[in-house]
J.: 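One structure follows; several queries about it will come next.
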Amino acid sequence: MRSLMAKYAGKLHRDRSIARGRVGIAAQDDVMLSDGPPDLSRLAADVLSRLSCLGVVAASPSLPFAEYLLPRANAGAEAIVPLDTETRTFLHDIPILRREKLAGDPAAAIAALLSNRKGVIAEGVGIVASGPVTLEQAYIHYSSVFHACYVKYLLDALRDGFLLPGETEAFRNFRETFLRPLTAEGLSFRAGPLDDPEEVLSEIRAAGRYTVERGLVDSFFGNISYRVGGTIFISQTAASLDELAGCVDPVPTDNRSTTGITASSELLAHRRIYEATGARAILHGHPKFAVAMSMLCEKKDCPVKDCWRDCPDIRMLGDTPVVAGEIGAGGLAARVPPVIRGPGKAIVYGHGVFAIGRDGFGEAFRSMVGVENRCRDEYFRRLDARMRRTP
Amino acid sequence: MPLRQIMLVADLSSGRMRREEIPPELLRAYLGGRGLGVRLLRGRHTLSPFDPEMPVVFAVGPLCGTPAPTSARLSVVSRSPLTGTVYDCSAGGRFAWRLRATGLIAILVEGRSPRPVVLAITPAGQELLPADGLWTKDVGATVGALSGRGSVAAIGPAGENGVLFSNIMMGEGNAVGRGGLGAVLGRKNLKAVTVDGNLPVPVADRGRFDRARADVMRLFRASPVIFGELGISEYGTPALVDLMRQRRMAPTENFRRTVFEDSSAYSGPAIRAAYGAKKVGCYGCPIQCKKSGADGRHLPEYETVSHFGALNGITDLHAIVRSNDACNGLGMDTISAAATLSAWGEARGRFPSPEEIGALLSDIAHRRGEGNLLAEGSRRVAEALGKPGLSMSVKSLELPAYDPRGAYGMALAYATSNRGGCHLRAYPISHEILRKPVASDRFSFSGKARMIKIAEDTNAAVDSLVACKFAFFGASLEEYAELLSGVTGDPRSPQGLKEIGERIWLTERFYNARNGFTRADDDLPARFFTEAGTSGEGIDVPPIDRARFGEELTRYYRIRGLRDDGSFPDDGFLGRQP
Ligand code: SF4
């Protein structure tokens with residue numbers, strides 16, 4: 001258990017979702033184990049001792065976005081509701097605990113909320129997330145809350161500007177120091193088409209790892225596949241992109257075997273994209289600026305309410321089409337294939353990017369980097385324009 | 001004004017029947033279904049399963065009758081004649097929904113009728129109908145004869161003749177299976193129960209309920225196991241055949257091996273190709289995981305195809321489907337029937353051929369010839385033949401088609417299950433094999449004691465709601481607590497539901513302890529600790545390390561608050577419960 005605690009603390013550091021050293025992890029078997037700085041490790045253990053769960057992560061995020069969402073929420077609000085797909089599907093909403101509610105017994109207050117939800121934002125503390133089945137789950141839930149807050153804050157800041165003391169400086173710091181240039185430079189991809197399954201598996205592992213190492217996506221958010229003849233090699237459901245060894249399913253395209261029941265929920269989308277494009281490689285991930293930008297729509301008085309699922313339009317972000325669609329058996333598999341063929345990339349509303357490689361992952365990776373960079377630029381262009389209008 | 005929750009108490013000895021209100025505090029503490037049934041056994045839990053006063057409880061859950069996904073189910077609870085443990089089984093179909101629509105949430109049957117009877121229930125009342133003409137009839141004929149009375153739960157010849165693994169069958173083909181509750185009804189001379197009604201079930205907070213339902217449906221769509229193109233909605237549970245083969249944990253030839261090379265003969269795609277399988281399922285369930293052939297016959301589940309297949313070395317799909325038909329008609333559990341035949345086959349040096357199986361199943365149900373011994377289940381058969389080690393069972397319940405050498409959480413779950421060797425209590429297949437909600441390392445015991453404990457509690461709550469386990473390949477208690485809050489208007493949290501599950505689980509264990517069960521019963525057959533599974537294709541399947549298994553079991557007891565020998569630290573547990 002200790003090694004798992006160290007592993008997930010390490011991952012949170014590497015993906016830069018926590019402030020340096022600011023993670024407490026608790027896990028319980030027949031005894032309680034906890035690690036991290038005393039305040040956070042004690043809090044994690046205290047929270048965990050009140051829950052029927054295997055692990056808890058309590059950490060200070062590397063960015064103050066979650067913290068900024070609290071004062072922006074209505075005074076009486078008990079939760080924030082980011083509208084990205086991750087939240088909509090898995091988190092539903094994110095409960096918030098304001099400072100005054102944490103005054104007495106913060107662990108009890110946090111545990112009471114965690115008894116209903118996967119993660120909470122506690123003012124002045126950070127994000128606390130639980131893992132009912134495994135410690136990895138607590139890590140995933142932390143990442144999901146961090147991701148959702150990140151995306152929501154980007155959208156809120158663009159809509160409302162900076163409202164809080166210190167926010168302008170913090171945001172400048174985020175923009176100029178935290179964000180690093182995204183690039184595929186220096187990465188080596190095998191030139192395709194690949195036919196040897198061993199080579200395919202090794203390339204899938206490498207491409208998955210690159211997406212995380214380069215900061216394109218956090219490890220849990222995405223899936224990846226490669227087609228060889230009548231077989232799609234696809235990452236398994238709930239697999240981390242940077243840990244795909246042993247987590248890739250070979251799925252025959254004629255469905256003569258159901259071994260791929262553990263394949264990613266996007267299997268059908270991958271299959272239809274291959275059919276529509278003849279591509280060999282597909283990379284899907286949730287880079288944050290692409291997710292945020294896909295949720296911006298300028299249309300006035302549109303009758304559609306559940307845009308993420310029902311929007312019939314194809315919008316363009318630069319040369320990348322954006323379509324609606326629910327994950328899994330929910331329409332995304334029907335909407336993405338018709339639009340991805342020409343540009344080789346597409347964004348799903350609130351969800352993320354699909355990028356294809358006609359022969360190998362190099363093209364798909366560069367394409368996804370391009371989409372995210374373009375969305376980043378466009379975001380800042382709009383933000384700057386907004387700031388110029390209302391300084 | 002909260003809805004009154006009514007239970008019918010049917011005393012078959014006297015023929016007297018009465019309707020009783022179940023106190024709201026009992027429902028708050030036990031939910032319904034399994035929990036309510038287990039609570040209602042209190043005080044009679046040490047009676048023999050065949051004692052006329054041993055109750056059989058049919059109980060729906062608080063979501064039944066609403067559009068909550070997968071919740072048109074009920075639990076049947078009593079004490080098992082096969083295992084001697086407290087016993088419950090969750091069943092779907094239409095019976096639960098129609099029972100709820102009579103205005104009842106439970107039926108408690110006690111006593112023994114002097115003659116065979118059918119208990120017929122409508123909103124207007126209930127009656128005991130003479131059933132002499134139905135006695136000896138198979139399930140299909142019984143259901144057919146009662147078809148004008150709504151939904152039917154009936155026993156077949158196996159239940160009448162006291163087969164220890166006889167089922168209660170729902171008219172739609174669903175089974176109250178495994179533990180032999182059919183024999184308990186048979187001993188009570190109760191051939192069938194019919195329910196027919198049309199009373200609606202109110203939903204207190206419609207907005208909250210609808211939001212939660214939409215959340216559940218999104219999670220179902222996001223789950224490859226549920227709605228994926230290779231998932232159970234498409235192929236039914238036989239979707240697991242190929243996966244278990246690939247994971248090298250398909251029990252083969254009485255668990256001597258763990259790969260059956262020809263399992264593709266009865267895989268999901270093979271069944272679809274041979275029978276043109278259509279989707280069917282429980283009332284109102286969006287998943288519709290059951291499959292029926294073009295001729296309307298019910299097609300077998302994963303455990304059934306695997307045990308009538310690999311476990312007995314049979315590749316003939318049609319013979320397997322016929323075995324399933326035979327068990328359903330005779331009212332007999334397919335897993336225990338196939339596993340008992342397999343143990344018997346190994347003991348005599350030859351597994352039964354496809355041609356022999358039909359006659360053997362009929363002999364078991366009628367207790368004819370060798371069938372009379374086989375009707376006792378694998379443990380008693382193996383002991384009678386002087387080879388007790390050949391019964392692949394825990395607490396006398398035959399193990400289903402997940403070899404524990406391929407998933408250590410499953411190994412621990414089999415051992416600790418209150419109803420014996422069953423995959424559905426902690427159901428670690430969900431994370432160890434299907435990666436839901438996240439994957440865990442199947443060849444490690446690390447952390448498994450607590451995972452199993454939490455899952456047992458969670459599933460005790462699920463069985464009391466009563467929802468289907470398959471829903472939890474996508475959704476979680478988080479969404480189901482919301483559905484419950486919406487239906488009752490009484491806010492519930494997943495944590496609170498797990499605490500209820502823990503109370504139910506400990507109550508069951510306490511009953512079992514009073515009936516003589518100890519740590520020695522929380523064990524696997526020796527084969528799993530001494531013989532390797534079938535390694536290959538880069539997967540090593542060694543025997544389970546007995547010392548490590550014992551260590552994790554001790555850890556599990558500590559987490560449960562039990563002594564290291566698995567016993568309760570004091571006698572007062574029941575007295576402290578509502
Ligand atoms: S998933 Fe299958 S077994 Fe479960 S309720 Fe639905 S149809 Fe019934």
Side-chain angles (χ1 to χ4, degrees), chain A residues 1 3-4 27-31 50-55 85 88-92 111-118 131-137 140 220 236-239 246-247 249 251 254-268 271 306 309 326-331 333, chain B residues 211 215 218-235 238-243 245-246 264 267-269 430-431 433-440 446-447 449-451 453-455 457-458 476-479 481-482 493-496 498-499 502 554-556 558-559:
Chain A
M1 201 61 97
S3 60
L4 284 179
Q28 63 176 342
D29 204 340
D30 55 340
V31 291
R50 290 169 162 89
L51 296 172
S52 183
C53 266
L54 214 98
T85 302
R88 192 188 308 281
T89 306
F90 299 105
L91 300 175
H92 310 312
L113 291 184
L114 274 184
S115 77
N116 262 314
R117 284 289 184 263
K118 300 175 178 79
V133 182
T134 63
L135 191 56
E136 182 187 18
Q137 224 182 345
I140 290 168
F220 179 63
Q236 293 182 337
T237 179
C247 292
D249 281 332
V251 183
D254 62 2
N255 281 357
R256 67 178 179 277
S257 154
T258 51
T259 309
I261 190 174
T262 52
S264 159
S265 58
E266 306 295 14
L267 170 64
L268 187 62
R271 185 192 295 268
D306 288 326
R309 186 187 59 207
E326 194 174 2
I327 53 176
Chain B
R211 273 193 304 281
D215 288 343
R218 264 202 305 280
L219 286 160
F220 282 4
R221 283 191 281 270
S223 165
V225 183
I226 296 178
F227 278 147
E229 54 178 320
L230 304 172
I232 58 172
S233 183
E234 289 299 321
Y235 290 99
L240 295 174
V241 170
D242 293 323
L243 190 63
R245 155 72 184 82
Q246 197 270 338
S264 59
S267 67
S430 185
H431 50 89
I433 303 299
L434 295 170
R435 307 179 60 83
K436 288 295 160 195
V438 281
S440 70
S446 176
R450 185 167 288 273
M451 281 185 218
K453 186 265 183 199
I454 293 172
D457 295 348
T458 300
S476 70
L477 275 188
E478 199 173 325
E479 295 76 30
E482 274 300 292
S493 71
Q495 174 71 19
K498 282 190 240 180
E499 285 159 14
E502 179 175 39
T554 304
R555 190 166 283 155
Y556 168 87
R558 288 185 191 148
I559 293 167

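Letters A, B, ... are given to chains in the order of the sequence lines, protein chains preceding strands, and every chain is numbered from 1.
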J.: Between Arg117(A), Glu266(A), Arg309(A), Met1(A), who has the most heavy-atom pairs with chain B when the cutoff is under 4.5 Å?
T.: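 Maximum pair count with chain B is reached by Arg117(A).
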J.: At a heavy-atom distance under 4.5 Å, which candidate from Glu499(B), Glu234(B), Met451(B), Glu229(B) has the highest pair count against chain A?
T.: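 The residue among Glu499(B), Glu234(B), Met451(B), Glu229(B) with the greatest pair count is Glu229(B).
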J.: Does Gln495(B) use its side chain to pair, donor to acceptor, with the backbone of Ser52(A) at less than 3.5 Å?
T.: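 A pair under 3.5 Å: yes.
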J.: Does Ser430(B) reach the main-chain N or O of Lys436(B) with its side chain, forming a donor-acceptor pair under 3.5 Å?
T.: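 Here the side-chain-to-backbone pair exists.
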J.: How long is the span from the CG atom in Asp29(A) to the CG atom in Leu54(A), to the nearest 0.5 Å?
T.: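 Separation between the atoms: 7.0 Å.
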J.: Under a 4.5 Å cutoff for heavy-atom pairs, which residue among Ile261(A), Leu51(A), Asn255(A) has the most contacts with chain B?
T.: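 Greatest number of close heavy-atom pairs with chain B: Ile261(A).
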J.: Which bit of Gln236(A) comes within less than 4.5 Å of chain B, counting heavy atoms only: side chain, backbone, both or neither?
T.: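 Both backbone and side chain of Gln236(A) come within 4.5 Å of chain B.
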J.: Mark yes or no for whether Arg450(B), through its side chain, and Gln28(A), through its backbone, hold a donor-acceptor pair below 3.5 Å.
T.: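 It does hold such a pair.
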J.: Would you say the side chains of Thr259(A) and Asp242(B) form a donor-acceptor pair under 3.5 Å?
T.: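 Side-chain D/A pair, Thr259(A) to Asp242(B): absent.
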J.: Could you check which of Gly231(B), Ala239(B), Ser476(B), Ser223(B) has the highest count of heavy-atom pairs closer than 4.5 Å to chain A?
T.: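 Greatest number of close heavy-atom pairs with chain A: Ala239(B).
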J.: Is there side-chain contact between Leu230(B) and Pro224(B), with at least one heavy-atom pair below 4.5 Å?
T.: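 No. Closest side-chain heavy atoms not under 4.5 Å.
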J.: Donor-acceptor pair, distance only, cut-off 3.5 Å: does the side chain of Arg221(B) make one with the backbone of Glu326(A)?
T.: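 Looks like no, no N/O pair under 3.5 Å.
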J.: Heavy-atom pairs under 4.5 Å with chain A - which of Arg245(B), Arg211(B), Lys453(B), His431(B) has more of them than the others?
T.: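 Most pairs with chain A among the choices: His431(B).
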J.: If you measure from OG on Ser440(B) to CD1 on Ile433(B), what distance do you get to the nearest 0.5 Å?
T.: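 So the gap between those two atoms works out to 8.5 Å.
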J.: Contact part of Ile140(A) toward chain B, heavy-atom cut-off under 4.5 Å: side chain, backbone, both or neither?
T.: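 Just the side chain, heavy atoms under 4.5 Å.
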J.: Heavy-atom cut-off 4.5 Å, strictly under: side chain, backbone, both or neither for Ile226(B) against chain A?
T.: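 Neither the backbone nor the side chain of Ile226(B) comes within 4.5 Å of chain A.
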J.: Go through the atoms of Leu91(A) and report whether side chain, backbone, both or neither lie under 4.5 Å from a heavy atom of chain B.
T.: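 For Leu91(A), backbone heavy atoms alone lie under 4.5 Å from chain B.
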J.: Out of Arg88(A), Glu136(A), Arg50(A), return the one with the most heavy atom pairs under 4.5 angstrom to chain B.
T.: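 Most pairs with chain B among the choices: Arg88(A).
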J.: If I measure from the heavy atoms of chain A, does Arg558(B) come under 4.5 Å with its side chain, its backbone, both, or neither?
T.: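 For Arg558(B), the contact with chain A is made by the side chain alone.
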J.: When only pairs under 4.5 Å are counted, which of Thr262(A), Val31(A), Leu114(A) shares the most heavy-atom pairs with chain B?
T.: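 It is Thr262(A).
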J.: For Pro132(A) versus Cys53(A), what's the shortest heavy-atom pair and its separation?
T.: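 Distance-wise, the nearest heavy atoms are CA-SG, 3.7 Å.
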J.: Can you say whether Glu502(B) sits under 4.5 Å from chain A via the side chain, the backbone, both, or neither, judging by heavy atoms?
T.: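 For Glu502(B), no heavy atom lies under 4.5 Å from chain A.
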J.: To check you understand the geometry: which heavy-atom pair defines the closest contact between Ala222(B) and Phe90(A), and what is its length?
T.: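 Closest pair (atom of Ala222(B), atom of Phe90(A), distance): CB-CZ, 4.3 Å.
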J.: Under a 4.5 Å heavy-atom cutoff, which of Thr89(A), Asp30(A), Leu135(A), Leu4(A) has the most pairs with chain B?
T.: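 Looking at each of Thr89(A), Asp30(A), Leu135(A), Leu4(A) in turn, Asp30(A) comes out on top.
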J.: Rounded to the nearest 0.5 Å, how far does NE2 of His92(A) lie from CZ of Arg218(B)?
T.: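 With rounding to 0.5 Å, CZ (Arg218(B)) is 7.5 Å from NE2 (His92(A)).
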J.: Pick one of side chain, backbone, both or neither for Tyr235(B), based on which atoms fall under 4.5 Å of a heavy atom in chain A.
T.: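 Just its side chain gets close to chain A.
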J.: Under 4.5 Å heavy-atom distance to chain B, tell me which part of Arg271(A) shows up: side chain, backbone, both or neither.
T.: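 For Arg271(A), the side chain is the part near chain B, not the backbone.
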J.: State the CZ-OG distance between Arg256(A) and Ser264(B), to the nearest 0.5 angstrom.
T.: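 So the gap between those two atoms works out to 10.5 Å.
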J.: Check whether Ala439(B) gets within reach of chain A through its side chain, its backbone, both or neither, counting any heavy atom under 4.5 Å.
T.: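 The backbone, not the side chain.
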J.: Counting heavy-atom pairs under 4.5 Å to chain A, which of Pro238(B), Gly496(B), Pro437(B) comes out on top?
T.: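 If we count pairs closer than 4.5 Å to chain A, Pro437(B) comes out on top.
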J.: Chain B: which of Val251(A), Thr237(A), Asp249(A), Ile327(A) shares the most heavy-atom pairs with it under 4.5 Å?
T.: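 It is Thr237(A).
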